Q: 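Here it is: the structure, laid out below.
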Protein chains: 2
Amino acid sequence: MLNQIDQVRRFNRIVSQRAGTLDQSYLGQGRPLGEARLLFEVGHDGGNARELRDRLGLDSGYLSRLLRALESQGMITVTPSEADRRVRDVRLTEAGRAQVETYDRLSDDLASSILAPLDERQKLKLVEAMAQVERLYRAAAVTVSAESPATVDARGCVDLYIRELNQRFDTGYDPDTAGPLDDSEFLPPDGVFVVARLDGKAIGCGGLKRLDFETGEIKRLWVSPEARGLGLGRRLLCELEGLAQQRGMAKVCLDTNGTLVEAQALYHAQGYVEVAPYNDNPYAQHWFEKTV
Amino acid sequence: MLNQIDQVRRFNRIVSQRAGTLDQSYLGQGRPLGEARLLFEVGHDGGNARELRDRLGLDSGYLSRLLRALESQGMITVTPSEADRRVRDVRLTEAGRAQVETYDRLSDDLASSILAPLDERQKLKLVEAMAQVERLYRAAAVTVSAESPATVDARGCVDLYIRELNQRFDTGYDPDTAGPLDDSEFLPPDGVFVVARLDGKAIGCGGLKRLDFETGEIKRLWVSPEARGLGLGRRLLCELEGLAQQRGMAKVCLDTNGTLVEAQALYHAQGYVEVAPYNDNPYAQHWFEKTV
DNA sequence: AAATTTACCTGACTAAAGTCAGATAATGTT
DNA sequence: AACATTATCTGACTTTAGTCAGGTAAATTT
């Protein structure tokens with residue numbers, strides 16, 4: 001364990017040395033880092049002052065000044081928004097676009113300079129390892145928290161979940177047939193609903209409801225397609241099992257459709273065993289159970 | 001190729017976001033980042049003012065002030081060096097050591113916080129990928145340059161090379177028996193000597209000398225044990241082949257001892273074919289040749 | 001219509017970071 | 001011994017980054 005931490009620290013150190021080089025090549029462009037970062041941000045995701053302020057975490061006064069500096073340099077235009085004339089839309093000028101392209105080229109050059117001394121096999125390996133680190137950093141940045149199934153994010157997840165089932169099931173999927181959509185099942189003290197988020201965006205969910213004194217049922221376990229492969233399904237499942245245990249439940253059960261093969265693989269891997277049907281959900285073809 | 005560069009850029013972006021977190025946790029310690037970085041550097045690799053200045057890339061006046069600030073806080077002592085009373089040795093005080101330990105703990109915490117949300121398999125994978133990235137970053141940071149075989153670094157490499165042969169050969173190794181140690185063979189225009197460096201330290205070498213009009217011979221190809229596994233042997237070999245080509249040589253040859261199995265594997269992989277003995281080197285058991 | 005909130009701007013700050021032109025003392029070179 | 005070089009220090013800057021307390025105008029709520 002200590003070795004792992006040491007490795008992470010060494011990694012952080014070496015990698016931020018390199019990242020420092022990047023910053024310095026920005027600075028070399030005769031523009032302070034703050035301005036350069038703002039310009040870069042405007043160039044890539046655009047938006048209004050408010051959004052930029054949030055994304056970069058800047059003080060409103062500071063941002064205002066930076067915007068005016070870039071405006072007087074002819075890099076951006078700042079105009080009141082059509083929809084709400086309090087908010088200011090920020091757009092690149094032609095010159096600004098050229099500048100952002102220069103930054104992009106610098107960034108490319110830095111990337112190339114890292115790859116250049118390596119032979120083909122090494123390049124492939126490095127890029128593969130980088131992708132792996134990136135993926136797992138993303139996985140580590142996911143937060144899972146309990147909240148009401150009625151929040152906007154929770155509803156959004158459930159909607160996407162239903163839409164996906166409808167696409168994947170041979171018969172389509174009508175939530176009403178499966179039983180009444182009753183959010184209150186997932187409310188404390190007996191139930192709970194968890195939402196997974198990455199950078200503030202909801203990317204997965206799961207609900208636990210009480211079937212009887214010693215049994216919980218897990219439902220609506222879903223991970224957004226863009227977040228798959230991060231081990232998030234497993235994490236949500238474990239989280240819900242833990243919450244079931246907290247509620248004094250001795251076992252949890254769940255049902256699933258035959259088309260959801262990856263879900264069934266997950267249940268098996270996590271120690272669930274197939275049991276006889278415990279409900280008459282018309283969409284269910286397999287029923288699982290696990291002692292927690 | 002473009003995809004590789006994009007991956008490197010995405011990696012840089014995500015990883016430096018994380019590194020930013022590290023900086024901020026330093027800042028939280030009531031000490032400006034510059035001072036904190038300096039203190040950290042003194043704590044881990046110590047040294048005199050000059051070395052610190054080089055490592056951190058600071059202006060001499062700026063460093064001087066930082067040192068005095070830390071001195072007045074009782075974190076470090078700054079004393080003239082015994083050897084050269086112009087240079088100032090910098091050492092941690094007891095309080096300084098405690099402070100550095102606090103930073104270390106923060107750094108550990110950050111590393112843990114990255115690992116914490118992951119399951120065991122993911123942790124292993126992440127640490128493995130980090131080690132891979134680190135290794136290949138080191139490989140990419142190696143520079144290879146031609147220089148006289150008489151420089152301190154070149155001689156140092158050759159000495160280590162000879163010592164290693166002496167250890168590994170069943171018969172031991174006496175350089176004089178193998179032929180006179182004549183540096184001038186490796187001097188332009190006919191010959192050349194290259195030294196590989198990582199962070200300024202010589203970690204490998206190789207020499208090319210002319211045997212006849214169309215033939216070069218590669219000798220003293222060596223990679224420091226600490227730098228093995230970075231593909232450096234291959235890189236040095238390719239470099240020397242290129243230099244042979246520049247000198248109008250049509251082929252290069254080399255000899256080797258049977259105990260150097262990894263060297264022979266390298267020669268085979270790089271397209272060398274075994275040929276009849278072209279010299280009477282008593283230590284040589286295999287002779288190779290390659291058209292360049 | 002009045003009160004409140006929101007989005008941004010302005011002026012007046014401070015601290016940190018970094019630069020530059022000498023000055024000083026020890027060391028090396030001729 | 002004279003001169004040049006090196007390692008560091010000092011004072012006098014500038015720039016960058018960031019904060020804070022109001023202010024204005026548009027939009028929203030009551």
Side-chain angles (χ1 to χ4, degrees), chain A residues 16 19-42 46-73 75-91, chain B residues 16 19-42 46-73 75-91:
Chain A
S16 51
T21 319
L22 180 73
D23 285 353
Q24 278 176 8
S25 58
Y26 279 156
L27 280 167
Q29 289 298 94
R31 179 173 288 114
L33 190 59
E35 281 181 22
R37 273 206 321 233
L38 177 56
L39 191 55
F40 194 86
E41 197 64 33
V42 174
N48 58 47
R50 167 117 263 246
E51 284 166 16
L52 292 167
R53 193 145 61 87
D54 283 354
R55 283 213 295 271
L56 295 168
L58 300 175
D59 171 87
S60 106
Y62 186 26
L63 177 70
S64 177
R65 254 174 284 268
L66 285 177
L67 285 175
R68 219 140 6 85
L70 286 173
E71 199 177 20
S72 79
Q73 290 166 35
M75 294 290 127
I76 58 172
T77 57
V78 181
T79 47
S81 157
E82 294 281 306
D84 179 342
R85 272 164 42 220
R86 289 171 306 180
V87 324
R88 309 296 222 95
D89 281 339
V90 183
R91 250 184 292 267
Chain B
S16 52
T21 319
L22 180 73
D23 286 353
Q24 278 176 8
S25 57
Y26 280 157
L27 279 166
Q29 289 299 94
R31 179 173 286 112
L33 188 60
E35 282 181 21
R37 274 207 319 232
L38 178 55
L39 190 56
F40 194 85
E41 197 64 34
V42 174
N48 59 45
R50 164 119 267 247
E51 283 166 17
L52 293 167
R53 192 144 62 87
D54 282 355
R55 284 213 294 273
L56 295 168
L58 300 175
D59 172 87
S60 103
Y62 186 28
L63 177 69
S64 177
R65 254 174 283 268
L66 285 177
L67 285 175
R68 220 140 5 86
L70 286 174
E71 200 177 20
S72 78
Q73 290 166 35
M75 295 289 128
I76 58 172
T77 58
V78 181
T79 46
S81 158
E82 294 281 307
D84 180 343
R85 272 167 40 222
R86 289 170 306 180
V87 322
R88 307 298 221 94
D89 280 339
V90 183
R91 251 184 291 268

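We use all heavy atoms of the structure for the numbers below, so side chains are in, but hydrogens, waters and symmetry mates are not. Below, chains carry the letters A, B, ... as their sequence lines are ordered, and counting in each starts from 1. What you see is a predicted model, and the numbers here were worked out from it, not measured in a lab.
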Q: Which pair of heavy atoms, one from A/Leu39 and one from A/Met75, lies closest together, and at what distance?
A: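 Closest approach of A/Leu39 to A/Met75, heavy atoms only: CD1-CB, 3.9 Å.
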
Q: If you pin B/Ser60 and A/Arg85 to their nearest nucleotides in DNA chain D, which one's is more 5'?
A: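 Upstream on the strand: B/Ser60.
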
Q: Whole Å only: how far is the OH atom of B/Tyr62 from the P atom of D/dT15?
A: 17 Å

Q: Nearest 0.5 Å, what's the CZ-CG distance between B/Arg50 and B/Leu63?
A: 10.5 Å

Q: On DNA chain D, compare the nucleotides closest to B/Leu67 and A/Leu58; which residue's is nearer the 5' end?
A: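 Taking each residue's closest nucleotide, the earlier one in sequence belongs to B/Leu67.
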
Q: Using a cut-off of 4.0 Å on non-hydrogen atoms, how would the nucleic acid contact of B/Gly61 be classed: base, sugar-phosphate, or nothing?
A: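 B/Gly61: base contact, heavy atoms under 4.0 Å.
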
Q: Heavy atoms, side chains only, cut-off 4.5 Å: are A/Thr79 and A/Arg91 in contact?
A: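 A/Thr79 reaches A/Arg91 side chain to side chain.
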
Q: Nearest-Å distance, CD (B/Glu71) to P (D/dC9)?
A: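 Checked: the CD to P distance equals 9 Å.
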
Q: Calculate, to the nearest 0.5 Å, the distance between atoms CG and CZ belonging to B/Leu38 and B/Arg53 respectively.
A: 12.5 Å

Q: Within less than 4.0 Å of OP1 or OP2 of C/dC8, is there a side-chain N or O belonging to A/Arg88?
A: no

Q: Rounded to the nearest 0.5 Å, what separates atom CG in B/Leu66 from atom CD in B/Glu71?
A: 12.5 Å

Q: Between D/dC9, D/dT8, C/dC9, which nucleotide has the shortest distance from any of its atoms to the side chain of B/Ala49?
A: D/dT8

Q: Can you tell me the distance, in whole Å, between the CD atom of B/Glu35 and the P atom of C/dG18?
A: 13 Å

Q: Within this structure, what is the CG-to-P distance between A/Leu52 and C/dC9, rounded to whole angstrom?
A: 11 Å

Q: With a 4.5 Å limit on heavy-atom distance, are the side chains of A/Val90 and A/Glu51 in contact?
A: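 No, side chains not in contact.
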
Q: Could you work out how much the helix from C/dA1-D/dT30 to C/dT30-D/dA1 bends, comparing the axis of its first five pairs with that of its last five, to 10°?
A: 20°

Q: Using atom CG of A/Leu63 as one end and atom P of D/dA17 as the other, report the distance to the nearest whole Å.
A: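 Computing the A/Leu63:CG to D/dA17:P distance gives 13 Å.
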
Q: Tell me the closest heavy-atom pair linking A/Leu70 and A/Arg31, and the distance in Å.
A: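 Of all heavy-atom pairs spanning A/Leu70 and A/Arg31, the closest is CD2-NE, 3.9 Å.
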
Q: Between C1' on C/dA7 and CZ on A/Arg68, what's the gap in Å once rounded to a whole number?
A: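 For the pair A/Arg68 CZ and C/dA7 C1', the rounded distance is 15 Å.
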
Q: Any donor-acceptor pair under 3.5 Å joining the side chain of A/Arg65 to the base of C/dG11?
A: yes

Q: Answer whether the closest heavy-atom distance between the side chains of A/Leu67 and A/Arg88 falls below 4.5 Å.
A: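 A side-chain contact is absent here, since even the closest heavy-atom pair is not under 4.5 Å.
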
Q: Identify which nucleotide among C/dG18, C/dC8, D/dC9 has an atom closest to any side-chain atom of B/Ser64, counting heavy atoms from C-beta outward.
A: D/dC9

Q: For nucleotides 28-30 of chain C, which of its nitrogen or oxygen atoms have a protein nitrogen or oxygen under 3.5 Å away, and what is each distance?
A:
none

Q: Which whole-number value in Å describes the distance from B/Asp59 CG to D/dC13 P?
A: 17 Å

Q: Only distances under 3.5 Å count here; give the side-chain donor-acceptor pairs of residues 55-62 of chain B to other protein atoms, sequence neighbours excluded, each with its distance to 0.1 Å.
A:
unit_1	atom_1	unit_2	atom_2	d
B/Arg55	NE	B/Glu41	OE2	2.7
B/Arg55	NH2	B/Gly46	O	3.0
B/Asp59	OD2	B/Gly61	N	2.8
B/Asp59	OD2	B/Tyr62	N	3.1

Q: Please give, in whole Å, the distance from D/dA26 P to A/Asp89 CG?
A: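 For the pair A/Asp89 CG and D/dA26 P, the rounded distance is 16 Å.
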
Q: Using the side-chain heavy atoms of B/Arg50, tell me which of these nucleotides is nearest: D/dA7, D/dA27, C/dT10.
A: D/dA7

Q: Between A/Glu35 and A/Ala69, what is the shortest heavy-atom contact and its length?
A: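 Shortest heavy-atom separation between A/Glu35 and A/Ala69 comes out as OE2-CB, 3.6 Å.
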
